[in-house]
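Counting starts at 1 for both ligands and their atoms, following the listed order.
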Amino acid sequence: MNTNQVKETLDKYVMHTYGRYDLVLDHGHGSIVYDKEGNKYIDCVAGIAVNSIGHTHEKIAQTLTQQAKKLIHVSNLYYTEEQAEYAKRLVELSPHEKVFFANSGAEANEGAIKLARKYTGKSEIIAMKNSFHGRTLATITATGQPKYQKGLDPLPQGFIHVDYNDIDQVKDAITENTAAILVEPIQGESGVRVPDDDYLPQLRKICDENGILLIFDEVQTGFGRTGKFFASELTNTVPDITTCAKAIAGGLPMGVVLSSAKVASGFNPGDHASTFGGTALVTAVASCVLDIYEEEDLVNKSKENGEYFMEKLANLKEKHDCIVDVRGHGLMVGVELNYDCGNLVEKAQEKGVLINVANGNVIRFVPPLVITKEELDEVVEVIDEILP
Ligand SMILES: Cc1ncc(COP(=O)(O)O)c(C=O)c1O
């Protein structure tokens, strides 16, 4: 198929739930992707913060091939060595003791909400305005953005929204029926919003004082994105439950719910399940992803290159009055402008850089963690050229 045929076919046969950019991507390697005409792009979207190890990593290709010839899927009615090895490794890397395997960020959060309700016997979840937690009915209700909830009534009950980064509002929202506080350590979809340094530690304290669970949605921030393996490490705050997805399996669908053994005891056999959760294939690949993180020192690279990138972007402020703020941690970076800048996506694309815009006026950069300083320099040059 040529470029137009691909677009026409997808528009004809796939439900129109996505506003796609005018680009057919064909192949890629590392931080670079190519369209069907062979044009090259530095990928600062990375499949929405997924491709942290870069595109088409040779080791992933090898692991996929070997595992596909050995065993792909048998369901959780049986044990597999691949799932055992990965579960041990991931749990030991985390501040938790148990893991549940799901297939996406929304599913991981759905599992966390169920676990919090089961464990506490209470129903209310305090979530944040402008948050994003996924598209299932419960996670879209947890998501503090009414535009995503339109036309979906009746929504599940028990979700209360307060302003992000406002401790007093959280205190006021607590009732005797509060099960958990659900929060992104840095809000991603609403424009890389970084809370005050004491916000998450204070939430921890409030949860401890009131017997409430603290759930960190690290679907976007986890796996080195912020220059720490988990963003919770930025403020040394240990949540009761962590959810991860996106970068976890190098682009294969996978999500996890992590918690202490005590909290995990809220689930009994039969309480929660997933046919595909933690297949032999996906866990073998996820183990390979952890190998790559170690071998290529990706978490430290994220921190170092993120600081380098943010400094260069901050320098653009002198030339471009439209820049209101440059913020983030590691390679999760937002540049807030004083106008709605959706049109910059196409302009950057024409100059060979893929970006996306969050919340209307924030250019969001979540490139592969393998991106080089030279590639980041090129990105900054393009941003400099396209900003008014
Ligand atoms: C913080 C956060 N939670 C949950 C999700 C939902 O993940 P998924 O699209 O894999 O269901 C996202 C997706 O962008 C996210 O950023």
Undergrad: Name the residue from D325, I186, L234, T226 that meets the side-chain contact (heavy atoms from CB on, under 4.5 Å) definition with V194.
TA: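 Among the candidates, only I186 passes.
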Undergrad: Does a side-chain heavy-atom distance below 4.5 Å link V192 with V333?
TA: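 V192 does not reach V333 side chain to side chain.
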Undergrad: Closer than 4.0 angstrom, basic N to acidic O: yes or no for K303 and E307?
TA: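 Result for this pair is yes, salt bridge flagged.
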Undergrad: Identify the closest protein heavy atom to atom 5 (C) of ligand 1: which residue and atom is it, and at what distance?
TA: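 For atom 5 (C) of ligand 1, the nearest protein heavy atom is V219 CG1, 3.7 Å.
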Undergrad: Ion pair present between E209 and K205, side-chain N to carboxylate O less than 4.0 angstrom?
TA: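 A salt bridge links E209 with K205.
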Undergrad: Could an N or O of ligand 1 be found under 3.5 Å from any N or O of G105, whether backbone or side chain?
TA: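 Yes; at least one N/O pair falls below 3.5 Å.
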Undergrad: Check the surroundings of atom CD in E311: do more than 12 heavy atoms from other residues, nucleotides or ligands lie under 6.0 Å from it?
TA: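 Check fails, neighbour count at 12 or below.
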Undergrad: Please indicate whether any nitrogen or oxygen in K246 is less than 3.5 Å from any nitrogen or oxygen in ligand 1.
TA: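 N/O-N/O distance under 3.5 Å: yes.
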Undergrad: I want to check something: taking the side chain as every heavy atom from C-beta on, are P367 and I42 in contact at a cut-off of under 4.5 Å?
TA: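 Side-chain contact under 4.5 Å: no.
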Undergrad: Please determine whether any non-hydrogen atom of I48 lies less than 4.0 Å from an atom of ligand 1.
TA: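 Not so, I48 does not reach ligand 1.
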Undergrad: Could you tell me whether some N/O pair between G134 and ligand 1 is separated by less than 3.5 angstrom?
TA: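 N/O-N/O distance under 3.5 Å: no.
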Undergrad: In terms of residue, atom name and distance, what is the protein heavy atom nearest to atom 16 (O) of ligand 1?
TA: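 Looking only at protein heavy atoms, the one closest to atom 16 (O) of ligand 1 is Q220 NE2, 2.8 Å.
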Undergrad: For atom 3 (N) of ligand 1, find the nearest protein heavy atom and state the residue, atom name and distance (0.1 Å precision).
TA: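 I find the closest protein heavy atom is D217 OD2, 2.7 Å.
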